[in-house]
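Comments concern the structure below.
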Amino acid sequence: CWLMVVRKWEVFPGRNRFYCDGRIIVARQCGVLPLTLGLIVVTSVLFFIFDCPFLVTHLTICIPVVAGVLFLFVVITLLQTSFTDPGILPRALPEEVTNTERQIDNSGSVTYRPPPRTKEIIINGEVVKLKYCFTCKMFRPPRTSHCSLCDNCVERFDHHCPWVGNCVGKRNYRFFYTFIVSLSFLTSFILGCVITHLTLRSQGDKGFLQALQESPLVVCFFSIWSTLGLSGFHTYLVASNLTTNEDIKGSWSTKRGEESGNPYSYNGIFRNCCAVLCGPMPPSLIDRRGFLPPDVIPRTVASGSELHPFMAKNDTNMVRVFASAPSFLHPRYPKINI
Amino acid sequence: GPEFHNLQELRQSASLANKVFIQRDYSEGTVCKFHTKLPSELDSRIEKTLFEDTVKTLNNYYAEAEKIGGHAYLEGCLACITAYLIFLCMETRYEKVLKKISRYIQEQNEKIYAPRGLLITDPIERGMRVIEISIYEDRSSSGSSTSSSTTSSSGR
């Protein structure tokens, strides 16, 4: 059986990078993620080395335990935010595009041209404009936005976070929220412990300046304002079921006396929080590790990708044979024989 | 329209004529729901009630997957406590429902759509954006081909 094995991530059109054979996805520019990770790890390690011994002997063993748990939480949720597909929408396939572009005018003749830029629909009584995305060639679902850095349409697009090196969208928003909240707790906790350490130590024989040099106070002091501020802002967003994108654009603001409420809100803080943070975990729509149906494998990929042990070299005749077969198959779930 | 006895026969003797796309219905928000109106291209191919039933059942499945309530809240809290690491080991409720949907679509294709020369593509294969229905025409110009009436096994 001459079968070319090409996974869908290898032909992904957006600007993303993939690792572990498609299991991990990151934005192309993840430049600041190492810095974020480095800052967190270095500050925490310095805290454990220089402050914990003193505080354990003078106060309680709970301090490094709590700090350790918070640190793990922060790092795990950070990595999950960075490496999870934020809710990327796959681009429209050619037949779908043709269908969207087809316009039938009064005389009954058919022409193909790009559709109007916006389409209005009504959601829960509110008029919402859906924009046509010229890159992905589809009308964007509500709350979807196209990220120019990643060149993808992302569902429930919040923002592109350079610190995390990824977009924050429907699938990884809860990871992001947990990350900033636990980071706020971690920085506040470290700050508090370090201040305690300094106050206690300055009562001893060593001078205040000496103690200051040994403590990661500065990092925590400066970052605490941004982490606390960001956590507070996102808590407000979660409670009102808004995205950063919508808030900045003022999509549902009630200025000018107009009754323009948020059609996605459940009109209850608890229900909104539940919906945003405890809602179902939607699947990744781009199916990175799925296999391409044989008739759509482009020549350029076919020649360069890894060959399955059973396969022979790429042969143009082979590609042509498969091209004539209808592409029913390669579903993501195994078919059950009925 | 052409009559095919099963999926196997459809593949062997038919060629793709057209594709129809059932769009998403956003009137109730971002929840996954499709329009139930029968498109004009399928008017002659399938009964309105059968088609509506299929789409309504699919909509119900998606509603089940995306339901928020007491159970979902508990799951969410538990997941949060483990720093969401359980998502790496456990199959989510959504994934379970998607498998059910896949089976249902296959069954519908076998029983209802393939005999009428139609084939439904699982919306997950199209980014949950459309239900793609392929319309097949018989390859031979005169009527349907009943020669290969094998009672074959279901599609691979």
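Basis for what follows: all heavy atoms, side chains included, without hydrogens, waters or symmetry-related copies. Letters A, B, ... are given to chains in the order of the sequence lines, protein chains preceding strands, and every chain is numbered from 1.
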For B:Arg129 and A:Ala92 the tightest heavy-atom approach is NH2-CA, 3.4 Å
Take A:Asn99 and B:Lys19 through the side-chain contact (heavy atoms from CB on, under 4.5 Å) test and state the conclusion after the steps. CA-CA 8 Å; A:Asn99 183 263; B:Lys19 285 192 187 188; over 6 Å; no
If you take all heavy atoms of A:Phe73 and B:Cys80, which pair is closest and at what distance? CZ-O, 3.1 Å
At their closest point, which heavy atom of A:Cys278 faces which heavy atom of B:Cys77, and how far apart are they? SG-N, 4.4 Å
Contacting moiety of B:Ile81, where chain A heavy atoms sit under 4.5 Å: backbone
Over all heavy atoms of both residues, which pair between B:Ile124 and A:Pro283 is shortest? Give the atoms and the distance, please. CD1-CG, 4.0 Å
Just verifying a value: how many Å separate A:Glu95 CD and B:Thr121 OG1, rounded to the nearest 0.5 Å? 9.0 Å
Using a 6.0 Å cut-off, check whether atom CD1 of A:Ile269 has over 12 heavy atoms from anything other than its own residue. no
Looking only at non-hydrogen atoms, find the nearest pair between A:Pro282 and B:Tyr94 and report the distance. CA-CD1, 3.9 Å
Between B:Ala79 and chain A, which part of the residue has a heavy atom less than 4.5 Å away: side chain, backbone, both or neither? neither
Could you give the distance from CZ (B:Arg126) to CD (A:Glu96), rounded to the nearest 0.5 Å? 7.5 Å
So which heavy atom on B:Ala83 is nearest to which on A:Gln80, and how close? O-OE1, 3.0 Å
Which residues, numbered in order, of residues 171-181 of chain A come under 4.5 angstrom of chain B by heavy-atom distance? A:Arg174, A:Phe175, A:Thr178
Can you say whether B:Leu74 sits under 4.5 Å from chain A via the side chain, the backbone, both, or neither, judging by heavy atoms? neither
Residue-level interface, residues 127-134 of chain A with chain B, non-hydrogen cut-off under 4.5 Å: A:Leu130
In terms of heavy-atom contacts, does CZ of A:Phe185 have more than 12 from other residues, nucleotides or ligands at under 6.0 Å? no
In terms of heavy-atom pairs under 4.5 Å with chain A, the winner among B:Glu75, B:Glu28, B:Arg24, B:Gln23 is B:Glu28
For B:Thr92, which atoms come within 4.5 Å of any heavy atom of chain A: side chain, backbone, both, or neither? side chain
